[in-house]
Structure formats: structure tokens, C-alpha cells
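This report refers to the structure that appears directly beneath it.
Just so it is clear: chains get the letters A, B, ... in the order the sequence lines come, proteins before strands, and each one is counted from 1.
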Amino acid sequence: MRYSALQILKEGLTGNRGWKPVWREPDPKPHYDVVVVGGGGHGIATAYYLTAVHGLTDVAVLEKSWLGSGNVGRNTTIIRSNYLLSGNEPFYELSMRLWEGLEQEINYNAMVSQRGIINLYHTDPQRDAAVRRGNAMILAGAGAVLLDREALRRQCPFLDFDNERFPIKGGLWQPRGGTVRHDAVVWGYARAADRRGVDVIQHCEVTGFDIRDGVCRGVETTRGAIAANKVAVCVAGSSSRVMALAGLRLPIESHVLQACVTEGLKPAIPGVITFGAGHFYVSQSDKGGLVFGGDIDGYNTYAQRGNLPTVEDVCEGGMALMPMIGRARVLRMWGGVVDMSMDGSPFIDRTPVTGLYFSGGWCYGGFKAAPAGGYCLAHLLATGTSHPVAAAMRLDRFASGAVIDEKGMGAQPNLH
Amino acid sequence: MIIDHPLLGPRDAAEFVYLGDASLIDRPDWQDEDAARQFHDYLHVRDNPAGEHRELWFHEHGDRSWLVVTRNTLTHEIIRVELARDVALSLGRGR
Amino acid sequence: MSDATLAARTPLDAYGRTIGTVTLAEVAGLALVSAAVPHDGDEAFAAALADGFGAVRPASGDSATGARPATRVLGMQPDQVFILFEAPDPDQAVPTAAAALGSAAYVTDQSDSWAVLRMSGTGVRVALERICPLDLDDLAFPEGRVARTVMEHLAVMILRDGPDSFLLMSPRSSARSFRHAVELSVENVSGP
Amino acid sequence: MSGPYRLDGGAIDRSRRLAFRFDGRRLTGYPGDTLASALLANGIRLVGRSFKYHRPRGIFTAGSEEPSALVELRSGAYREPNTRATVAELFDGLEAASQNHLGSLRHDLLAVNDLLAPFLSAGFYYKTFMWPKSFWERVYEPAIRASAGLGRLSGEPDPDRYDKGFLHCDLLIIGAGPAGLAAALAAGRSGARTIVADEDFVMGGRLNAETHEVDGGCGTTWAADAVRELASMEKVRLLPRTTVIGAFDHGIFGALERCTDHLAATAGKPRQILWRVYTKRAILCAGATERPIAFGGNDRPGVMLAGAVRTYATRFAVRAGQRVGLFTNNDDGWRTAVDLATKGVRVAAVIDVRDREPVAAVPDARVRMNSQVTATRGRHGLSGIVLATGERIALDCLAVSGGWNPNVHLTCHHGGRPVWREAIAAFVPGGRLPGGMAVAGAAAGAFTTADALVGGHRAAVAALGELGRPAAGGGPPVASDEATDVTAFWHVRDSRGRAWLDLQNDVTVKDVVQSHREGFRSVELLKRYTTLGMATDQGKTANVLALAIVAGQSGRTIAETGTTVFRPPYTPVPIAALAGRARGNDFRPVRLTPGHDWAERQGAVFVEAGMWLRAQWFPLPGESHWRQSVDREVLHTRGSVGICDVTTLGKIDIQGRDAAEFLNRIYANGFARLAVGKVRYGLMLREDGIAYDDGTTARLGDHHFVMTTTTANAVLVFRNMEFARQCLWPGLDVHLISVTEQWAQYAVAGPNSRRLLEKLVDPEYDISNAAFPFMACGEIRVCGGTPARLFRISFSGELAYEIAVAARYGEALMEALMAAGEEFDAVAYGTEALGVMRIEKGHAAGNELNGQTTARMLGLQRMVSKKKDCIGNTLSERPAMNREDGLELMGFTPLDHTEELTAGAHLLALGASAETANDEGWITSVAYSPALRSSVGLGFIKEGHARVGETVRAWDALQGKDVPVEIVSPHFYDPDGERLRV
């Protein structure tokens, strides 16, 4: 069933009784060409691009819970390609381009909304860093605009420009950045992959890998053994646990990233704004809630919840930056477990086990990366070579020293 | 969170700074033949368990002790708190 | 050579104020010296502390009073105490401590590192409730108890030196922010 | 009695009238009213519009679970959107306005959405608005956004003050209804430190809304007596108007106290306080929330929860309608009919879905057992109902009771999932409760007053026992059991028209059925697809109903279907309250140097450096541009002498028998053999081999060093050194203490710096070049005996010193230095001039030491000793960090010296196209060099040293610049360092 205004009209007039399931609910087959572990944004996107770009259709996605129950279902929905380093920026720019054509391609409105993202700066060194970053973005085709105070004031008059502690000097603006309705991404990709023959299998947890002679030949699951020529693991938040089943240790720690949403409000904030002198970023959803967050709590955890001091710290940043939001009420705070890697950048790579591939370490930036993450992992699975924009995202980069450390914090995951 | 400091009693975790896996105490010997590999693993490769985790916390806004806290990463329950210096000495670290 | 002599200034310029039932006053004229105990030097240090200051070494989180005027030894770290004592000539803080302790401790002057504020009066704990994360109940934090903690993003050492009296020490550079935070806490709980 | 909607009795103070406004209308109420009760008392039923269809909305509940009656409270900057009228205490002068409508509340133009409802079913927006592509952001999304949302922010800074605080107790009791009060009495009488928090402004919970008896007397009176007794106990703290918002780790709870929301103005006191409550044990006595039944047209104003109708009558003395009907599936619902009838409210009908005898006699009411409501009548409010039999009954209020849901929310904050209890047709607390938490009363599924009293008492006694504290004598208060029998009933299948589940977000039974049909079968997927339970009430009245519908669709039980996850906060909390005081100047502390006031008197311009404020430059009269001041400061310093406050540098006192060996391991370069009386520059690596900090360390004695770190890294370096000391080499005798705050320190730089200092240094100290050469240090006295430390080090490249005195003398020393320098035309210089001079000298600073650079990149690879163990040296040898074609720190000058370089420009080969593949590096720092009369820059470029003299482009498309630059040595000024050794 193709989605369109006409279809809505037709269904509306007949009591909305004709809508069909967006995906099948197939039982797993005994063998697939490729098994993708993880039914989140990256896993589903990988399956979709395996079929759409590489013509592979004998593909299954295994999700231990409901579809999109991981980080794609609990993030702050921001998309951007405002990275600094050449190991990252072209990759995120590919992702941005995929976002830009996504809805028409998969016939699903994920509400890709390019309202722009502004990273504020408050000091000369921050400005210098913003200029370096902005130029790196332009080199990669991502586009960037440096806003001075007056230009910024026209866009965001509600900011506390003369904050007594950290006055705002300007901002680096990526007009193409924005937000996406996060759940819809996984639904749209799943529907499109399903229509091309991918088996999207929910409530099927991988409990082990069938590894013989250093070769991965399939997975064991709560719904039986499934053989596969290639297995790809995209389970950010659970990467260490799942890969440990294959006997692998990763340069990853699991941390909780909290976020908050307020009650619905009439439009107040135009795009995404990040505070350069505190821990706070915010956007407003189409439903009117202010969606905001800050840094991770900072300790290893697999509990999908955090603690109050982090939320307080984030709200302090919010009130320092835009005191007009004070009377907006936080409706819900939640936490997602993120893979924090040792340099703050992800991995899309083969593993020491032949036939076993890994995508993870997305830190708290995995959502915006889902299209390119899926695209590049599909490329690696289908062609056997890394996609050029993901070539630096290797598992062995800490041994070689070719790290991708955007923040310059070194091998301390909670600082990235 | 509250960390029950072995010398000071329960203190809010906000007084502490987190570092990570307590295996960071086991710094390799720079003169070992495969020191490069050992240092790589020491610094970068972690068990990252879902369950009991021994980890380093620094009482930065307190008595400046480094502590080894054994905490369950699924429930956040703290099972044991030790002075990291005692742990290091027990592991044979000295001069 | 210049004939100028250098005039000293305290972090809070002899600040004092009473708000409701709480009195805030900067405490000046005290020397504060840290004394670190050399490895395997615990006995020698205890002896030197007894000889030099007439005090016993307190455990971390506790304090001990000494024989010298206004001396209080604060247990701050596993191998380090702070010694607070009256010092008419502040330049003599370290020489005095060094002379008293000899080679039994490594001493470092901290007298100028901290703004010292005494907060006293019947409403003092209700006011501290707004910024101090520690339980200051009589049983949990009796007289003589000392702790280092954080209040409104500021490092603070807090010593209970009376039933309704606390000595608060916070870094000198942020003394004005500290004074403001304490004042606001008292204002927020005092009558209209 | 006053007006047709007021009854006798109630807990309102009739001695005083309060004037208030709703949508501009002048109205009155009484102290003790909520805005909702006052509106009902004035006969106002239409108070708002729903989220999606803009349907008329009225008052649905009498508590914090209210999904419908949301208003904008107060005005101007005080405007507070989405305030639940049911919990807003009435005060004199209150102003409220309805929200989410275009045009007037009665004639909302966006009500057209309701006509389009067939096309706006669950998830419609995912299926359309895709063409043409550009229309989403330009047309569709703005229209959706304007229509959605609810209330409006004022757009102005929140004018109120907020505070936070910390409370500690043995036992926290959450909720002061019968269970909570019984628990509190047991705890309080035992002497335990007890806190009782309740979201209401009157403690007592349902006892205030019911006609129950406790201990043989009136329940409300018993509650008031209990509260009075508790208030008299020294160890008990009562927190009314305080909502416990969340259970966090290790017994810490968040609680929001609303201090002044019930007043017209705050009188300068904090409006709200966010408490962090540290508990040993907690008892959740949060009660239960009534749920509705879904039937056709059940969203009309006038359709209310039965318990709420009862509350309005009993507590607030308000009749919710002139002809009230009751629709129930349980015995408790009948209480409403009986209580109303007793108070003289006309109860026109009682409709019970159960096929049994009537539960009670309700005079004059049409009683219909085994019957259902299928539709409602009315436009802006209820005018009548239609039963399945076709019978029509005229009503202006229908009280609906579908049973009660225990308020289990806080039990779920640590991942616990509630479990279904069929006997009461409700979820009760399940496993994995937050540590130390027990649940009592209706929150635990004990719905009678008697059970609540006993349960609360028992829970307290048990908690006290666990704390080793014997409970005082005396048993629980006594009450009789009320009838609470319930038969699960969720949805009238024969409904005509839409049956609402989520009144605010307009989610109907049809939406749930459709999304199930489309494959969104997990409750989480259902929630996300339909937005059910995502409104400001988080589905407190809707969720269980929807789960039951889903269960019915899938043929599973409710227990198998499960719930969505409850997360904090229990009720919404203002962002400002979570921020507390931290805004404006109070966002973070300000750190000032001892010389700050002096600099301020000179008119210095300050800049934030971390928490510090530092003087950036010192403008003189007539200088209109900062460059004039900075150039002058540089030229004066290089020409004669300048003084700069460098107090902010981190300073660490290091003592111990093994201090030298310790430093040898901390620094990449050697320190073991540094002589006493000497200073050495040191480079610190992280363990991963990246250069992260630098500074100088002076040896004051065999066992005594003092280290300086960069301002930015002072805390981190100290932390890392403590780690090395305690965890890596605990056997070394070394001790650290920060002395950053202890010393005021000034750089005195320039050819006349020695002559200036000689005027201040006491005569017994010889600071001649021979006696005190470059990199000497010593403890001296100045100005007639004041102890000081002198270091002959130079960041400017000139003959220079840093002099330190105890902070108390900092201001006086600055004045003395300037006075002594008068004859040399000494200048004070700020961080800008400091930056210019360090760039001229090619010294790396923050823009170069950004955590991404190696010693090799900085040209300092020879400093990394291979002959000793130190942090970072092993991993600094990794191949990718030592590539021959790697980045190297170089200097850059524009070919045209009138051009200005910009930091952040990237470096491209001449003729290379602007793309990532051709990126060869970037400019890190720039300055105008008055000495070279040119803009100069430092930067990293591939194979820099081999390319000296080559021209490349400093490409800054972001700022529209593309400047040809020559690659030069990074040491622009006095490259051989002759000036600093004289």
C-alpha cells in the first residue's frame, strides 16, 4: 500500500478500516544470506540498504524486543553534519544527504525538519574552534554559517546574550541541521525493507554465535538457531554484551544519556540550539514539547535511567542560556544506554571473526548517523570493502594511533 | 547516588569524579617486550560488564581519595567501597 | 630598594552581617597550614603534633583541639591534616608549623587559600539546608566534625565549632560568590 | 451557600471572598478553593480545547491527574502555561486564561480539525505531507506546529526566584492520606526522623473528600488531628504542597515544594524549592487514581470522574452539575451518588454495567443495572446521555467510575514493572522497587480506609524495625471497610461516535484499534504511534483503559500486554525549579585574582577563562579600538617592561622524599636531576601519548617542588597526579596540595624587568644575571621582609620573571610593581598581549594543546624521554602518531602584510580545490605582531618543516577569506632566545 494524501482520503471516508500492517511478522527461516542483529535505526537501515542498493533480499533483522526499542526510540531526534575531523565529517554529511531524500525514497514521512542547528560560542578560543569546524564542514559540502551576535539575535531574540557569566558572542549555524521524528525512522525503513523481502523479526533475542574455526556461521536465538553467511551486529547500548558472546572485547563503555521533554507549548524555539558554556541543547518538537539534554551521567551503567544531578545541571544550562523557558514544565525525563568509545567516534568494521561484522560505538550521536551507518555497513557486507567515508572507523585504530578524537579527551569515554 | 566512603561514611556521588574500570590500576611495565600491546589493551579494551563492575571514583570535593567502588551496572547497587591505594598495594604496586 | 611595604587584604574585607537569627562573619588572623605525613611516619607525626601543638591526630572527618591558642587540627585526607591556629604575624604560619613539626611532616601554607566565614545563630542549620548536601543533624555531624564538600558549585570545608556555629572555608578566588551563596541561603529562610 | 452551584459545608473559608478572572470574566471563590472548584462553583464547564481536534474540554478530575482543564495562569512574564486548574489554589487576584484556541474559547476556528477527524486518525502524518518535498518545512509543519502545542510561554525571562535544598531522614512518607498519616504517626511517635510530603495543600488525602469514619469520628477531623500531632513533633517535618517527583539511586528522592504558588506574589522569596531527600526508608502512600470508561462522546465537558464529583461536593462544597448521573462498574462509584444525594444534589440516574441488585438506594434517581451509556448530547457541555436501550436522560454532569488504579509510578522508577491484580482489576506495585521503599494503602491496592490505615501503620513499624528502632506502642487507627467491589469493564462496544481514551491528545478507541491493525502491537509502539499517554498527564487516567483495549484486540490478557514505563517526574516540574538559583551571574561561581580590584580600577576589560575573570587589556583614554591597547601593551613590554597577572595558572605544591622521581614519571621530559634553585619547562602526556598540558616546575628544595599548570587544566592535572600517586605508585613518598589560591603571581617581562624588580626585592637577595640566571628560582623577600618566590622564566620571550607573594599581598604587590615601574613607563598587560607575545615566540597554548596534538606535532618530540618510564611515552610511539607526513606546528605570514589571518582557516595547496581530501591543516592562533608589523599565525600543516618558504592558502570560506600565506618557522621573534638570557 502506497501512502499518499489520496489514500488517507479514501481510508478516512471508509472508516480507516482498510489500513494494512506496515510489516509482516514472519517466523525466522533456518538460513539467511545476511543476519542483522538489532532492530534499531542502524540495523533496519542496514537491511534496507542491503536490499535497495545491493539487491540482497535474503536478509533478516533480529530484534530482541519491539522494533525501535533501543536508542532510536529514546533520543533527542537531532540530525546534523557539523563535525570537525576528516574521519567523521564526510560520513555524517553522507547521512545528511540520505536524510534529505529519505521520505520520498521510502514513502514514509519521518518529518525530517531542517530547521537548522546553532552551536553558540562564548570565548575567542571557542570562536576559533567554530571557524575551524565551519570550514571543515564547507570543505565536506555540509555548509556552515558563522553568526555574529546581531545575526544570532534576529534568529533567537530570547537568548540571554549578556549572560553575566558567559555572554554569547555568536554561533556556528548549520542551516541543514534539524530534527526527525525518531520512531518514524525505524518504522519507515522497516516498512520499506519488509516490502523488499527482508524478514523483520521482533522478540527474537540473540543468545550466542555459531563460531567454528574462527568463522561465524550463524546465531543462536530465543527462537532457534539461524544460520547465515554473514552476521552484522548493530546493537548500540548492548554492544559489549552481545560481542562478548562472540568472545570479543571492545574499546567501549556503556553509559546513560538522559534527556527531558516539557509539556506541549506553542512554537517558541525555531531550531536546535546548543550552549557552548554549559551542558544544554534544545529543540522544540512538532507536538510543542521542548526536547533537551546535556551530557551523559558519566558512570558505567546498563540501567536505562540516570540521576537527578545531571538533569539539574542541564536545566541550569538552560536557564542560563534562555531564562524564558523557566516556567515550562519538564514532563518526562528518561535515559538511554549509549556505547561510549575510547575516542568518541564509532566503528563500522569487520571483526577478528570471519563473517562477523560490527557497527557500534556511536556514543550519543547514533541517531543522526542511522542512514549512513546502515548505508556503509551494507556496503561493507555486500562488497567486502569499507565505504570511503567510513574507512577510518576501524576497530584497530587505537593500536595504530589513528584515533578520531573530536573533543580531544583521549581514552576516557565519559568525557567524550 | 551515594558512595559509602570507607573513612567518611555516606557521601553524595556529586562530590566524586568518575574515571572508569579499576583495571586502570594495573598499569603495564614499560620495559616488557610487548609493552605496546599491553598498554593498548590496558587503556582501551574494557570488560564493560552488565552486573558487578569495579571502578575508580575520585573524591575530588572531599578527601581527595581515589576509591575502588564495586557497583552493579544494572541496578546501581554498591556492593563494596575500598581505598584505591589499599587495592593498589594489595596488587603489589609500590614504587 | 623600595620603601613600600605590602598591606594585606582579607578575602572578604572583614565582612560581617546578621540576617534574621543568623550571623555571618569573616574570620581573620588565623593561620592554616597543611601537614602531610611522610610514608611510615605516623608515629613521629603523632609525637610531633603532640609536642608542637598539644593535639592528637584526628581521623579523617574529625578535628582535635590543641594547646596553642585557637588551635584545631582538621583531619582532611588519609595522610594529611590541616592545622588552624592563631597567628599574629601571618608570615610566620609556615615557619611556626615547620618549627613545631620538624621533619615529621611536609607543611604547606594554606592561610591565604581560603576565605573563612563563621555562620552562627539558631537558624543556621535551616539556612545551610539550602546549599549543604551533608546531614548536619546533631548525631550525624556533632561538634568538632569537619568535612569537605561542595555547595552551589563551590568547594567548601565545613567545621562545626558550636551547637549553632559552623566555620565555612571556601577558596579565596571565589570568596564573593561564596559569600553571596551563603547570604542568599539565609535570606531565603529568614522572615519577610 | 452562594450561587446555584455552592453547597453547604466543605473545607472552604466562607469568611472571605477571593476575586479572580477567567478569560477576563470577573468571578469569585473562597480560600480553600482550587481554580477548578471555583470555576465549577461559578457554573463554568468549558475551560479549554483538546490538542488535536480542538474539542471542547472541561474539568475532568479533582487532582494532579487532570488531563483536560489546563489553563494559562497569571500574566506577563509570570504566565505559566498548561497549569492544571484542579491543583491551582485560588488566591485573590488570580488570573487564568483558556488555551489552545484560535479565536475565542467558544468559537475556536481550529475546531475545524474535528470535522477532518476521519482523515487525522492515528499516524496520518506519517503517510502524507511528503509532496512537494519542500512543503514540509514551509507549509505543513508550521501549520501543524501552530495548531498543536497547548499554552504559550511568555517569551520573557522567568521573573521568580527558585531554590534547592537537601533533607535527610530515616523515613520519607509520600502522601498524607489515611495510609500516610497512619505511617507517619507510628514513625513520629517512635522518634524517628520522618518527613511527610503531600502534593495537596491540605493533608489528609481522600479523607478530606469522603465521609468516612476513623476511630469512631469524622475522618476529616481525624486527619486534621493527626496532622496537628505530627506538626508538634520535633523529628517530624511536614511538607504540604510538595510533590515527590522521582525515586533516584540509593534512597534519594526529588521533591518539589510549591512555596508561593498559592499567593498573589512571592515577596522576594523562592517560588519553589527542589528538595533532594536522602532517606533510609520510604513508604509510598500515594493513593490511587480513578479511571473512566470509554463510551461514545465521553469527552464532553460535564463528563467527570465520579470520585472528583464527590470531592467537589464534599471538600469544596460545589455541585458539578444540577442534574448529575452516575456511570459505574463498581461499588465505590455508588458512593458518589449516595454522597451527592445526601448533600441535596439532584442525582438523576445511576447506570451500572453490572447485572446485579442496586448497591444502595438513591432517592429520585433512575437506576439502570446491566446498562451502558452509548452516547452523549451537548455542544460545549453535556446536556444528556443515551443508553444502550435508547433511553435518553437529561444531565449536565455524568460522574464516571471505571475503578481505581494504584499510583504505582514511583515504584517503577528503578525499572520495576507493576503486576496485574485481577481481584481489583488494576496494576499494583511489582518487583524491583527502589531500595528501601515499601508501599501502603491504595497505592498498594488496599482500597478501603481500614486497610489503608492498617497498611500504613504496619509499613512504618516494619521500616522502623529494619532501622533497629522499636516502634512506640499503640496499634493502627480503626475504620470500617467500605464496599469496593469492581467488575472490569473498559469500553462500551455499542458506542455511537468516538470514544475517548486520552482526552488531551485526542486518542480514541478507534485509533488504538487501527494502530493494532497496522502492526503497532507492543504497548510501546502503540503509545508512540497514537501518542496515547504522552500528554501532560502522562496517561494517568487513560493508559490502563487503552491497555485493556489492546489486550482485547490481541486476545491476550492485560497482564500479558503489560504497561509502558513510568518515568520521573510524577507530575511536571518547571525547568526553573530544576535549575534553582543557577542562572545569570549565579550560573557558576566567579573566580577573581587578588589583583582583580586593582585591574578594575584601571578600567580593564575582562574575559572569562573557565571560572576566572582575567584582564584582557587595559584601555587608556583615547584608545578606541582594542588593538590600540594591545599593541601598546606589547610594544611597551618588549621595549621596556610590562606586568601581567598570571595568578590563574594552576600551582601544585609537591613534597616528599620521592618527589623528584614522581615528577620524572609525570612529565615526558626528565626531572630527576633538576637542581635545587632551578626551574624547568615540562610537557605532560596523557597515557595515550597525546600532549595535554605544559608548564614549569621549580625545585625549591631536595624534597620540595612547586609546579605550574595551565589555567584550564589545573584541576585535571591535580586529579591525574593524585591517581598516579595513590593508584600507580603508592610506594612513593610524595604529597600534593594545591596552592593555586595561596599565591598571587605576576609576570614581569621586558628588558627593564630586572631593574624594576631590584627596586622591590630586599637587598640581601642578588638577582643579577650571574647570580640569578635564566631558569633560576628562589624564595626571597620583597618590600621589607614580605616572603616571596621569584622564578626567572619567560613566556613573552623577553628577559622576564614571575614573582609570587601570599594572596593577601597580591593587590599591594601589583600596586608596588606599577609604582616602581613608573620610571620605566611600565604597563600592565592583559591576556591579549600575553597571547600576541606567545604567538610571536611560537609557544603552544590552548588552541594548540587541544587534546589532539602529539609532542611531535608541536616540535617537542625530543622532550619525550625514551630512557625512563613516564605517563604516555609507550603509546606515543604508535605509528599513526609518528607519520613522516604528519602535521607540524609552523608559523604563517600573509604574503601581503596588510592582510589579516584568521584562526580556524584551513590550509590548502595553491590551486587545490576546496574539498576534504585536499585539507592540509589549519591555522590555530593568530595575532597582529607589532614587532613584525604583520598578522602572524601559528598552525598545523603536513610536513611543515620541510616546506618552509612554500606558499599555501589560508582558506576561510566561512568568513569569506582566502589568503596566500608563507610557511615559516613558528618562532617569529628572537628565534634564538637571546633576549631572555641577558
Original post:
Distance-only, no hydrogens or angles: does the C:T96 side chain make a donor-acceptor pair with backbone N or O of C:Q92 under 3.5 Å?
Top reply: yes
Original post:
Within a reach of under 6.0 Å around CD of D:E234, are more than 12 heavy atoms found that belong to other residues, nucleotides or ligands?
Top reply: no
Original post:
What part of C:R176 gets closer than 4.5 Å to chain D, counting heavy atoms only: side chain, backbone, both or neither?
Top reply: side chain
**OP:** Under 4.5 Å heavy-atom distance to chain C, tell me which part of D:K651 shows up: side chain, backbone, both or neither.
**Re:** neither
Original post:
Does D:R237 make a cation-pi contact with D:W275 (under 6.0 Å, within 45 degrees of the axis)?
Top reply: yes
Original post:
Is it the backbone or the side chain of D:D733 that comes under 4.5 Å from a heavy atom of chain C, or both, or neither?
Top reply: both
Subject >> Between D:F606 and D:H596, ring centroids under 6.0 Å >> reply: yes
Original post:
Can you tell which of D:D658, D:T648, D:V739, D:L732 has the highest number of heavy-atom pairs within less than 4.5 Å of chain C?
Top reply: D:L732
Original post:
Under a 4.5 Å heavy-atom cut-off, does chain C meet the side chain of D:I273, its backbone, both or neither?
Top reply: side chain
Original post:
Between D:I737, D:T786, D:T647, which shows the greatest number of heavy-atom pairs under 4.5 Å with chain C?
Top reply: D:I737
**OP:** Measure C:A181 against the heavy atoms of chain D and call it side chain, backbone, both or neither at under 4.5 Å.
**Re:** both
**OP:** Could you pull out the closest heavy-atom pair between C:D164 and C:V124, with the gap in Å?
**Re:** O-CG1, 3.5 Å
Subject >> Output field: ring centroids D:F253/D:F248 closer than 6.0 Å >> reply: no
Original post:
What part of C:Q80 lies closer than 4.5 angstrom to a heavy atom of chain D: side chain, backbone, both or neither?
Top reply: side chain
**OP:** Measure distances from C:L184 to the heavy atoms of chain D and classify the residue's part below 4.5 Å as side chain, backbone, both or neither.
**Re:** both
Subject >> Side chain, backbone, both or neither of C:P78 within contact of chain D (heavy atoms, under 4.5 Å) >> reply: neither
Original post:
Do you know which of D:E815, D:M611, D:E811, D:R588 has the most heavy-atom pairs under 4.5 Å to chain C?
Top reply: D:R588
**OP:** Please look at D:W612 and chain C and tell me whether the side chain, the backbone, both or neither of the residue comes under 4.5 angstrom of a heavy atom of that chain.
**Re:** side chain
Subject >> Contact origin within D:R193 toward chain C - heavy atom pairs under 4.5 Å >> reply: side chain
Subject >> Among C:P90, C:A140, C:G41, residue most engaged with chain D (heavy-atom pairs, under 4.5 Å) >> reply: C:P90
**OP:** Anything under 30° is parallel, anything over 60° is perpendicular, the rest tilted; go ahead and classify D:F662 against D:W729.
**Re:** perpendicular
**OP:** Any chance you could measure D:M721, atom CE, to D:I654, atom CD1, to the nearest 0.5 Å?
**Re:** 3.5 Å
**OP:** Determine yes or no for a side-chain-to-main-chain donor-acceptor pair under 3.5 angstrom, with D:H168 supplying the side chain and D:T279 the backbone.
**Re:** no
**OP:** Among C:R130, C:H180, C:E187, single out the residue with the greatest number of heavy-atom pairs under 4.5 Å to chain D.
**Re:** C:R130
Subject >> Pick from D:A812, D:G165, D:P589, D:G785 with the largest number of heavy-atom pairs that fall under 4.5 Å of chain C >> reply: D:P589
Original post:
What is the minimum heavy-atom distance between C:L154 and C:S170, and which atoms define it?
Top reply: CB-OG, 4.1 Å
Subject >> Which of C:A175, C:S34, C:A36, C:P133 touches chain D most, by non-hydrogen pairs under 4.5 Å >> reply: C:P133
Original post:
Between C:R160 and C:P163, is there a donor-acceptor pair closer than 3.5 Å when you use the side chain of the first and the backbone of the second?
Top reply: yes
Original post:
Do you know which of C:D40, C:T10, C:V37 has the most heavy-atom pairs with chain D at a distance under 4.5 angstrom?
Top reply: C:V37
